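Accompanying notes for the structure given below.
Predicted model only: the values in this text are computed from it and were never measured. We number each residue from 1, following the sequence as shown. Both counts, for ligands and for their atoms, begin at 1 and track the order of listing.
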Amino acid sequence: MESMWLCALGTGVFAHRTIFIKGEWHLHAPYVATTHLILWFVMIAITKSLSLPFILGTFYLTGLFSSIAVYRLFFHPLRHFPGPRGAALSKLWHVWHCWTSQNHILLDSLHKQYGDFVRIGPNGLAMFHPAALVVMDGGGNTNVPSEWYDIVYPRTSPIFSRNGVEHRDRRRSWDLALSGKAMNDYLPRIRNRVSSLLNVIADVKSTPIVLNDIVYSFAHDAASDFAFNENFGMLESPTWHRIVAQQRSALSLLGRLNSAIWLVRIGLVFFPFIPAVEAWKNLLDFCDTLAEKRLINEATEPDILSYLIQDLQQNSKNLSDKEKKNLLSGNAVTAMVGGSDTTGSGLTSIFYFLALHPHHADKIYNELRHLSHPYDTHQLSKIAHLNGVINESMRLLPAALTAITRITGPEGLDIDDTFIPPNTKIGSPRYTVQRMESAFANPLEFIPERWSTQPALIKDARAFAPFGFGRRACVGKPLALAQIRLVLANVIDKFKFAFAPGVDVASVERDMKDYLTATPGKFSLVFEKR
Ligand code: HEM
């Protein structure tokens, strides 16, 4: 009997050393779990007993997990980097500590405790260094996006392409979809949404209004229109559009499981009834259906999807119908989340900082007096204080607080005197890096002038990249900034605003969630006509 137990133990060690230590397993997680369960049931059927398969299974798993633990703690290339022992053992440590969806706070505290390079997972390293963002994505690097980017697999898009050639091909159509010519088609529609937002503010008169709700409504209405010709009508409705509500719930799932997406894959297969998992599935289904519809029916007005479909028809004849659908659906997910949640998050943070420091809103108001029209996006892109306020808000509360991870190439990489081994998952949490003393003087203070009249307050500009760096940088940056500038200029031109009485101002940052994009705590403002 003892030899059977030893054999099971050895099989566990063998499975780790010969199978699981190689390659990536996140996409196979549901199959691995299913195969193990099937084998276990087969053993029960053969032995006609529960106890023996249970004991053998326990020995097998002990062998497997002991081998994994010994390797990760004592032999892994990252073993010399500091960090919590639990994090080195399993990604579940990170998931557990992120259960409140505040990964930015967790990583910030790990930086304070362990220093600039912290092992935050068995194969994961967080780099808290002003040069880290450039090293990850700047010119000449051989890093590739991490396994996280398979989150909607088999759907895909530029952001979800882990292969450089595929990424270049898929990015081409987005470059066209967000070119100056295309933007001229979207801007009149965006201006109409800005007018709707102004009407909502004017209608409530001086009653407090939840700022987060109105700017996210604006962002979703604008994006549903320019991305796929739909009118979510959220600014005109007291309730959230069904699919936006699902999206918010789905993102809360990512806030917890972002560091271990194999759990998301397992959730979709085994636990589809959990509300947040169901919401994630509904969001994907919505994008699949949208893709199917759009492959058949043309849009009435130009939108991002119409450029992508045109590119598919001209340059992707070798793709099967299924691949085309997956490509379009992945792009729809990208537009849904990347095109609206980010802008909503950015606007919320900016209004928060302006309500905290109202003299900056007054300064912008005075700048606007020199413009012929506050609806001119070109003029708005040139005025110093408005753009300083936007930059400074995005520095302190970037929309991508901790997201964006890469895997180092075959030669690893050097950053100052630290060598990061090949095939390491790396990330550089913007929330902390953009607040580093080595990069910004008085880093925790809101000083928009550092972007105009006081450049000495920026010590290391490499640390600022709210839209990313290099060939994978945000293709929607001009459109995002155009929307943000239009909203700010028009609201400040017509209204003064302040926190509503009784607002717990500290809760905005304290309750902020890191749901892939930053989701600040809710707060109300009171607006007053100028
Ligand atoms: C304040 C608003 C925004 C911020 C802060 C932002 C930030 C970012 C960042 C940091 C990335 C790199 C992500 C990564 O590598 O994982 C990115 C990529 C991307 N963003 Fe944005 N974004 C914003 C708005 C938008 C908008 C409005 C759109 C389009 C409608 C958009 C479309 C994209 C796309 C398609 C990519 C993938 C680019 C590629 O991989 O080639 N973004 N964005």
Side-chain angles (χ1 to χ4, degrees), residues 133 136-138 141 143-152 156-179 182-183 186-187 189-190 193 215-216 218-228 254 258 303-305 307-308 327 330-350 390-391 393-395 397-407 426-431 433-434 464-488 516-518:
L133 296 165
M136 274 173 66
D137 281 328
N141 79 81
N143 307 323
V144 291
S146 74
E147 85 292 344
W148 183 89
Y149 292 82
D150 284 331
I151 185 88
V152 297
T156 186
S157 78
I159 201 164
F160 299 125
S161 299
R162 298 181 66 196
N163 169 302
V165 178
E166 277 177 16
H167 171 260
R168 201 193 51 219
D169 281 355
R170 287 162 193 170
R171 169 114 183 181
R172 188 184 49 224
S173 47
W174 275 87
D175 284 332
L176 288 174
L178 291 165
S179 63
M183 290 253 296
Y186 312 146
L187 279 173
R189 285 137 71 186
I190 290 171
R193 303 288 174 203
V215 295
Y216 272 85
F218 162 80
H220 284 291
D221 280 0
S224 57
D225 185 351
F226 65 66
F228 37 80
L254 293 189
N258 240 345
D303 61 5
I304 292 180
L305 282 198
Y307 283 89
L308 308 187
L327 185 51
N331 278 303
V333 179
T334 306
M336 270 294 285
V337 180
S340 52
D341 240 61
T342 45
T343 312
S345 168
L347 276 168
T348 308
S349 304
I350 298 167
I390 295 173
N391 278 356
S393 305
M394 289 192 171
R395 179 181 74 80
L397 294 181
L401 290 166
T402 60
I404 305 179
T405 44
R406 308 285 185 240
I407 305 271
I426 48 171
S428 182
R430 281 168 172 70
Y431 176 76
V433 171
Q434 295 188 167
F464 180 69
F467 290 97
F469 268 121
R471 55 184 190 278
R472 287 186 182 262
C474 180
V475 64
K477 180 178 172 182
L479 183 59
L481 285 176
Q483 293 182 80
I484 290 174
R485 289 177 186 131
L486 278 173
V487 168
L488 286 179
L516 183 62
T517 50

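- Nearest heavy atom pair, residue M136 against residue I404, reads CE-O, 3.6 Å.
- Of the candidates H167, R472, M136, the one placing a heavy atom closest to atom 41 (O) of ligand 1 is H167.
- Contacts of A473 with ligand 1, taken as heavy-atom pairs under 4.0 Å, involve the backbone alone.
- Not close to ligand 1: R168, with no non-hydrogen atom less than 4.0 angstrom away.
- Considering only residues two or more places apart in sequence or on other chains, R430 meets the salt bridge (charged side-chain N to carboxylate O under 4.0 Å, His left out) condition with none of them.
- Residue-ligand proximity: I304 is placed with a non-hydrogen atom under 4.0 Å from ligand 1.
- Ordered by chain and number, C474 SG make up the set of protein N, O or S atoms under 2.8 Å of atom 21 (Fe) of ligand 1.
- Residue R170 places every heavy atom at 4.0 Å or more from ligand 1.
- When all heavy atoms of A177 and A182 are compared, the closest pair comes out as O-CB, 3.3 Å.
- Which parts of ligand 1 touch R171 is read off a 4.0 Å heavy-atom cut-off, strictly below it: atoms 38 (C), 39 (C), 41 (O).
- A donor-acceptor pair under 3.5 Å links the side-chain atoms of R162 to the main chain of P145, judged by distance alone.
- Formation of a donor-acceptor pair under 3.5 Å by the S224 side chain with backbone atoms of H220 is found in this model.
- A distance-only check finds a donor-acceptor pair linking the side chain of N331 to the backbone of L327 [under 3.5 Å].
- The ligand atoms of ligand 1 that sit less than 4.0 angstrom from a heavy atom of M394 are 1 (C).
- At a heavy-atom cutoff of 4.0 Å, ligand 1 is contacted by no atom of M336, backbone or side chain.
- Contact between G346 and ligand 1 is absent, with no heavy atom of the residue lying under 4.0 Å from the ligand.
- Side chain of T342 to main chain of A399: no donor-acceptor pair is present (N/O by atom type, distance under 3.5 Å, no hydrogens or angles).
- Among all protein heavy atoms, the one lying closest to atom 29 (C) of ligand 1 is W174 CZ3, 3.9 Å.
- Nearest to atom 16 (O) of ligand 1 by heavy-atom distance, out of F469, Y149, F226, is Y149.
- Annotation for ligand 1: atoms under 4.0 Å from non-hydrogen atoms of T334 are 35 (C).
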Audit row: F228, I304, side-chain contact (heavy atoms from CB on, under 4.5 Å) steps and yes/no: CA-CA 6 Å; F228 37 80; I304 292 180; over 6 Å; no
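- In the vicinity of R406, heavy-atom distances shorter than 4.0 Å reach the ligand 1 atoms 14 (C), 15 (O).
- Using a 4.0 angstrom heavy-atom cutoff, P398 does not count as in contact with ligand 1.
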Using a 3.5 Å cut-off and no angle test, enumerate the donor-acceptor pairs between side-chain atoms of residues 470-484 and protein atoms at least two apart in sequence or in another chain.
unit_1	atom_1	unit_2	atom_2	d
R472	NH1	S161	O	2.8
R472	NH2	S161	O	2.8

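- Remark: S173 pairs with no residue by the side chain to side chain donor-acceptor pair (under 3.5 Å) rule, at least two apart or across chains.
- In this structure, W148 and F160 have tilted ring planes: the angle between them lies in the 30° to 60° band.
- Atom 7 (C) of ligand 1 has its nearest heavy-atom neighbour, among P466, A400, A399, in P466.
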Evaluation steps, side-chain contact (heavy atoms from CB on, under 4.5 Å), between Y431 and L397: CA-CA 6 Å; Y431 176 76; L397 294 181; 4.2 Å; yes
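- Under the 3.5 Å distance criterion, the side-chain polar atoms of R395 are matched with a main-chain donor or acceptor of Q434.
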